[in-house]
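Numbers restart at 1 for each chain; the letters A, B, ... are given by sequence-line order, proteins then strands.
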There are 2 protein chains.
Amino acid sequence: MSDAEQTRQNILTVAADEIHHHGFKATSLSSILTRCEISKGALYYHFTSKIELGYAVFEEVYTPMFLDVWQTPLSDEDPIEGLCKFLTAMTDEMACSEVVCGCPLNNLCEEMANVDEGFRLRILCMQEQLNQLIVDALERISDGLRENLAFSQVGYFIVSTLNGATSLSKSSRNKELFQQVIAELCLYIRALKK
Amino acid sequence: MSDAEQTRQNILTVAADEIHHHGFKATSLSSILTRCEISKGALYYHFTSKIELGYAVFEEVYTPMFLDVWQTPLSDEDPIEGLCKFLTAMTDEMACSEVVCGCPLNNLCEEMANVDEGFRLRILCMQEQLNQLIVDALERISDGLRENLAFSQVGYFIVSTLNGATSLSKSSRNKELFQQVIAELCLYIRALKK
DNA sequence: ATAATAACCAACCACTCGGTATGTTGCAAG
DNA sequence: CTTGCAACATACCGAGTGGTTGGTTATTAT
C-alpha cells in the first residue's frame with residue numbers, strides 16, 4: 001500500500017472511530033487531524049469536504065463490516081439458530097464502549113438520515129441489503145417455517161427490534177436490559193418454526 | 001397566566017418543536033429567539049443555560065405528552081387490543097413530519113443519553129415509568145395470558161421494537177415499512193394471549 | 001539536470017455558537 | 001413622586017467550526 005493510500009486508510013479508520021463516539025456533526029476535523037498527526041491540507045487532499053469523508057466512512061468502513069457480521073450467522077445451515085446464537089453472543093461479547101456508543105450505523109441513521117439526503121440514501125440502500133440477507137435465509141428454509149409468514153416484514157421486524165434494543169441499552173447503560181429484549185427476540189424468532 | 005409565564009411557555013413550545021426537528025445540539029438559541037420574537041436576554045432570564053432549557057422541555061413538554069399517550073390504550077378493558085389499536089392508529093394518523101422527525105423522546109435518547117448525564121437519567125426514569133405502565137396492564141389480565149411470560153421483558157421488547165420501527169421509517173421515509181413492523185408487532189402482542 | 005506532479009503543511013478566513021455584562025422599560029409599592 | 005424590582009433588550013466576547021489558499025517537500029519521468 002502506497003504512503004498516500006496508507007494515509008487515506010488511516011484517516012478513514014480514525015474518522016470512523018470518532019464518528020462512532022461523537023456522532024458526525026460533533027466530530028471535528030481537528031480531532032481527526034490530531035490523532036492522525038496530519039495537517040488539514042492533507043485531509044482535504046484526500047477528501048473534498050467533511051461530508052464526503054462521512055460518506056467514505058459509511059461506504060468503506062461501516063457497510064462492509066456490518067454486512068459481513070450479518071452474513072455469517074445467516075449462512076448457517078439453520079439460520080434461525082444461527083441468528084439466535086449470533087444475537088446472544090452479541091450480548092455476551094458486547095464491550096462497554098459498544099453499550100455506550102451503540103451501533104455506528106444506527107447512530108448515523110438517527111443523526112443524519114433526515115438531515116442529509118446523501119446519508120439517507122446510503123443508509124436506505126444498506127437496510128434493504130440487510131433485509132434481503134434475512135429474507136433469502138428465511139426463504140431457503142421456508143419449508144420448516146410457519147405458513148403465511150411475510151418474510152420481508154419479519155426481516156424488518158427483527159432489525160427494528162435489534163436497533164431499538166441497542167438504543168435502549170445505550171441510554172440506560174444497562175446490558176441486562178439489552179439481554180432481556182434479545183432473549184424475547186430469540187423467543188419470537190424460534191417461534192417462526194413450525 | 002402572567003405575561004412572564006406566557007413567555008416561558010412560548011419558549012418551551014418553540015424549543016420543543018425545534019429540538020424535535022433538528023435535535024438538541026443542532027438547535028440554535030437564535031432560531032428559538034427569532035421564532036419567539038424575543039431577545040437572548042429574555043431567554044436567559046427564564047433559563048440559566050441551553051441544557052437547562054433542554055431539561056425543561058423534556059420534563060414539561062415531552063414526558064407528560066408521552067405518558068399520557070400510552071396511558072390511554074393501556075387503561076382499556078383489554079389492554080392487548082387497546083395496544084394494537086393504538087399502534088395501528090399511530091401508523092394511520094402518522095403525519096409526514098412525524099415520519100421524518102421520529103419520536104422526540106427517542107431522538108433525544110439517541111442523541112444525548114450517552115453525552116449528558118442529566119438527560120440520561122431523565123430518559124431512564126421515563127423509560128422505567130413507561131415499562132411499568134405496560135407491566136401493570138399485563139399483570140391486570142395475567143389470567144388470560146400465556147404462562148411463563150416475563151412481563152418486564154415483554155414490555156421492553158415492545159418499546160424497543162416500536163422505537164426501532166420509528167427509527168427505520170425515519171431514515172427510509174417510508175410509512176409502509178413502519179406499518180409492516182407494527183403489523184408484525186401486533187401479531188406478537190396478540191400471541192401473548194392464551 | 002530539469003520539470004512536473006503527488007502529497008502534504010500551516011496560516012488564515014468567515015461564520016456561528018453559547019454565554020455574559022450592561023442597559024432599558026414598565027409597573028407596583030411606599 | 002420615586003424607589004425598586006421583574007422582565008426584558010442590546011451589544012459584545014471568546015472559542016470553535018468547516019473550508020480555502022499559497023507555499024513546501026519528495027519522488028518520478030524525461
Side-chain angles (χ1 to χ4, degrees), chain A residues 1-60 107-108 111-112 115-120 122, chain B residues 1-58 60 107-108 111-112 115-119 122:
Chain A
M1 186 155 46
S2 67
D3 284 3
E5 185 59 23
Q6 177 71 48
T7 302
R8 196 187 126 91
Q9 287 301 322
N10 191 225
I11 294 174
L12 282 176
T13 305
V14 169
D17 188 59
E18 287 287 319
I19 292 173
H20 183 199
H21 280 76
H22 306 111
F24 178 75
K25 293 179 201 161
T27 291
S28 71
L29 297 183
S30 61
S31 67
I32 297 176
L33 303 180
T34 303
R35 282 184 58 185
C36 289
E37 293 179 326
I38 59 169
S39 69
K40 192 173 282 192
L43 192 148
Y44 272 85
Y45 173 78
H46 290 284
F47 304 94
T48 63
S49 65
K50 186 191 180 187
I51 208 156
E52 285 296 334
L53 170 60
Y55 293 162
V57 166
F58 186 90
E59 290 173 347
E60 300 178 37
N107 293 353
L108 257 183
E111 183 187 5
M112 299 302 296
V115 172
D116 180 82
E117 194 69 3
F119 268 120
R120 210 193 111 245
R122 283 167 174 83
Chain B
M1 186 155 47
S2 66
D3 283 3
E5 185 58 23
Q6 178 71 47
T7 302
R8 197 188 124 92
Q9 287 301 323
N10 191 225
I11 294 174
L12 281 176
T13 306
V14 169
D17 188 60
E18 287 286 320
I19 292 173
H20 184 198
H21 280 76
H22 309 296
F24 178 75
K25 292 179 203 160
T27 291
S28 70
L29 297 183
S30 62
S31 67
I32 297 176
L33 303 180
T34 303
R35 281 184 59 183
C36 288
E37 293 180 327
I38 60 169
S39 68
K40 192 172 280 192
L43 192 148
Y44 271 86
Y45 173 78
H46 289 285
F47 303 95
T48 63
S49 66
K50 186 191 181 185
I51 207 155
E52 284 296 333
L53 170 60
Y55 293 162
V57 166
F58 186 91
E60 300 178 39
N107 293 354
L108 257 182
E111 182 187 5
M112 300 301 297
V115 172
D116 180 83
E117 194 69 3
F119 267 120
R122 283 167 175 83

Q) Which residues within residues 29-47 of chain A lie with some heavy atom under 4.0 Å of an atom in DNA chain D? A)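 Those residues whose heavy atoms fall under 4.0 Å from DNA chain D, taken from residues 29-47 of chain A in numerical order, are A:Leu29, A:Ser30, A:Lys40, A:Tyr44.
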
Q. Is a salt bridge present between B:Glu60 and B:Arg8, judged by a nitrogen-to-oxygen distance below 4.0 Å?
A.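 Judged by the 4.0 Å cut-off on N to carboxylate O distance, B:Glu60 and B:Arg8 do form a salt bridge.
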
Do [X] and [Y] touch side chain to side chain, with heavy atoms closer than 4.5 Å?
X        : Y       : answer
B:Asp116 : B:Tyr55 : yes
B:Ile19  : B:Phe58 : no
B:Asp17  : B:Arg35 : yes

Q | Test item: side-chain donor near acceptor, A:Thr27 and A:Glu18, under 3.5 Å | A |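 No, no side-chain donor-acceptor contact under 3.5 Å.
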
Q | Evaluation steps, side chain to side chain contact (heavy atoms under 4.5 Å, CB included), between B:Lys25 and B:Glu111 | A | CA-CA 8 Å; B:Lys25 292 179 203 160; B:Glu111 182 187 5; 3.4 Å; yes

Q: Could you tell me whether B:Lys50 sits above the aromatic face of B:Phe24, with NZ or CZ closer than 6.0 angstrom to the six-membered ring centre and within 45 degrees of the axis?
A: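 Yes, B:Lys50 lies over the aromatic ring of B:Phe24.
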
Q. Is the CD atom of B:Glu37 crowded by more than 12 outside heavy atoms at less than 6.0 Å?
A.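 12 or below, so no.
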
Q.
Of all nucleotides in DNA chain D that come within under 4.0 Å of a heavy atom of chain B, which is furthest toward the 5' end and which toward the 3' end?
A.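 Result: D:dA6 to D:dT10.
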
Q. If you look at every strand shown and take non-hydrogen atoms under 4.0 Å, does B:Thr48 touch a base, only sugar-phosphate, or nothing?
A.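 Contact class for B:Thr48: none.
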
